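Structure first, commentary second.
Chain letters run A, B, ... following the sequence lines, proteins first and then strands; every chain starts at 1. None of the values given here were measured: they were computed from a predicted structure.
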2 protein chains.
Amino acid sequence: MRIGELAARAGTTTRTLRYYEARGLLPARRDGNGHRTYDESDLRLLRQIRTLQDFGFDLEETRPFVECLRAGHPEGDSCPAALVVYRRKLAELDALIGQLTAVRETVAGQLARAERARDDLAADALVPGGPEPACELGGLTR
Amino acid sequence: MRIGELAARAGTTTRTLRYYEARGLLPARRDGNGHRTYDESDLRLLRQIRTLQDFGFDLEETRPFVECLRAGHPEGDSCPAALVVYRRKLAELDALIGQLTAVRETVAGQLARAERARDDLAADALVPGGPEPACELGGLTR
DNA sequence: GTAGGGGTTGACGTGGGCGTCAAGGCAAGG
DNA sequence: CCTTGCCTTGACGCCCACGTCAACCCCTAC
C-alpha cells in the first residue's frame, strides 16, 4: 500500500509518516516511481507508535517498542528496553500528577480566599454601619 | 531601580522583563538615558506574574491579575476577571489530572502484563518439559 | 489536451517563553 | 585613555511534532 492509504488506515497524515521516516522510525521501501510502499507489518508498527504517542510518550520513547516489534517479538513491550521506558514514564507521570495536584489545591485555596474576601466586602456594602461584623465587643448589636 | 536590579530581586532575568514589556504586561518608564526604570509596585506586579507562571498559568492568563493590582486593588485576585481565570484553571487542572491518571493506570496495566508475559517465558525456559504449566489435565504432575 | 488525484522533495511556519548573540551607548573608576 | 559594567535594540535559536505551501512528477479518465 502507499503512504496515503497507510495514513488513512492509521488515522493519521502523510506528513506524519514522512516525518517518522525522516526520524528513522518507520523507513519505507520504494516502488518504481519512487513512491513509498508499506505492508501490514508497517501498519502494526505505526499503530504501536500512535498508541504510545496518545499516551504522551515522546517519539524517541516509542523507538524501543518499534524495534522490538521489528525484531519479531509478539508485542512491542516484549523487550527489556521497552519495560524501562514504561517504568520511567510511570515515574514521570506520578511526579507530574503530584505536582499538578499540589498546584490544584493551592489554586483552589486561593480561589476560596479571594471569594471570601469579595463576599466580606459585599456584606460590608450592604451593612454600612458595620464594616467589622464579628468580634466587635459583645454579641448584641441589636 | 533599573532592569537588572528588578530582575535580581524577582529571581528572574532581564530578558524576561523585556519580554513582558514587549507583551504589554509590564511597561516601564525611562530615565534620561533611555534605561528602563521600575519601582516597588512593579516588583509587586512582577511577583504576581511569576507566582502564577510557576503554577503553570499562561502569560496571558496573568494579565487580569496584573491589571487588577494596577487598578489599585489590594490583591491581584480581587477582581472578577481573575476569579474567572482561577476557575477555568481549576477545571483545566482537574481535566488534565484525570487524563494523566487514566494514562498512568493504563501504562501500569501494560507494564504488569508485559512483566507477566516475560516471567511466564522465563518459567517455560526453566522447565523445558512444561510450556503449559497450569490447567494441564489433573493437578498431580508429580 | 487537460483536469484530477495520487505521489515526491524542500523549506518555512506554529506555539510559548524565553536564551543567546551582535553591535553599540553611557557612566564611573584606575 | 581604557576597561568594566550596565544598559539599549534587533534578530535568530530552541524544543517538538508536525501543518502548510511551493513546485514538480506520474498515471488515469474524459
N/O (side chain, A/Asn33) to phosphate O (OP1/OP2, C/dT8) under 4.0 Å:
no
Report for the helix from C/dG1-D/dC30 to C/dG30-D/dC1: angle between first-end and last-end helix axes, five pairs each, rounded to 10 degrees.
50°
Are A/Tyr86 and A/Phe65 near enough that their ring centres are under 6.0 Å apart?
yes
Salt bridge (charged side-chain N to carboxylate O under 4.0 Å, His left out) partners of A/Arg87, counting only residues at least two apart
B/Glu115
Residue that, paired with A/Leu45, satisfies side-chain contact (heavy atoms from CB on, under 4.5 Å) out of A/Leu25, A/Leu69, A/Thr62:
A/Leu69
With heavy-atom distances below 4.5 Å as the criterion, would you say the side chains of B/Asp77 and A/Arg113 are in contact?
yes
Please tell me if the side chains of B/Glu21 and B/Leu26 come closer than 4.5 Å, counting only heavy atoms from C-beta onward.
no
Can you measure A/Glu21 atom CD to C/dG10 atom P for me and round it to whole angstrom units?
12 Å
Among all residues two or more places apart in sequence or in another chain, which pass the side chain to side chain donor-acceptor pair (under 3.5 Å) test with B/Asp58?
none
Contacts of A/Arg50 that satisfy side chain to side chain contact (heavy atoms under 4.5 Å, CB included) - sequence neighbours left out:
A/Thr12, A/Thr16, A/Tyr20, A/Leu46, A/Gln53
Do A/Glu40 and A/Met1 have side chains that get closer than 4.5 Å, going by heavy atoms?
yes
Taken to the nearest whole Å, CG/B/Leu17 to P/D/dC6 is 15 Å
Nearest whole Å is fine: how far is C/dG7 C1' from A/Arg29 CZ?
17 Å
Separation of B/Ile3 atom CD1 from D/dT8 atom C1', in whole Å?
10 Å
Need one value for B/Arg2: base, sugar-phosphate or nothing, where a base atom within 4.0 Å counts as base even if backbone is also close, heavy atoms only.
sugar-phosphate
Is A/Arg36 near enough to C/dT8 that one of its side-chain N or O atoms lies under 4.0 angstrom from OP1 or OP2?
yes
Check the distance between C/dC18's P and B/Arg18's CZ and give it to me in whole angstrom.
14 Å
Protein within reach of the bases, or only the backbone? For nucleotides 13-25 of chain D, mark each nucleotide 5' to 3' as B, S or -, using heavy atoms under 4.0 Å.
----BBBB-----
According to side chain to side chain contact (heavy atoms under 4.5 Å, CB included), who are the partners of A/Glu60, at least two apart in sequence or on a separate chain?
A/Arg63
Can you check the A/Asp31 CG to C/dG6 C1' distance for me, whole Å?
12 Å
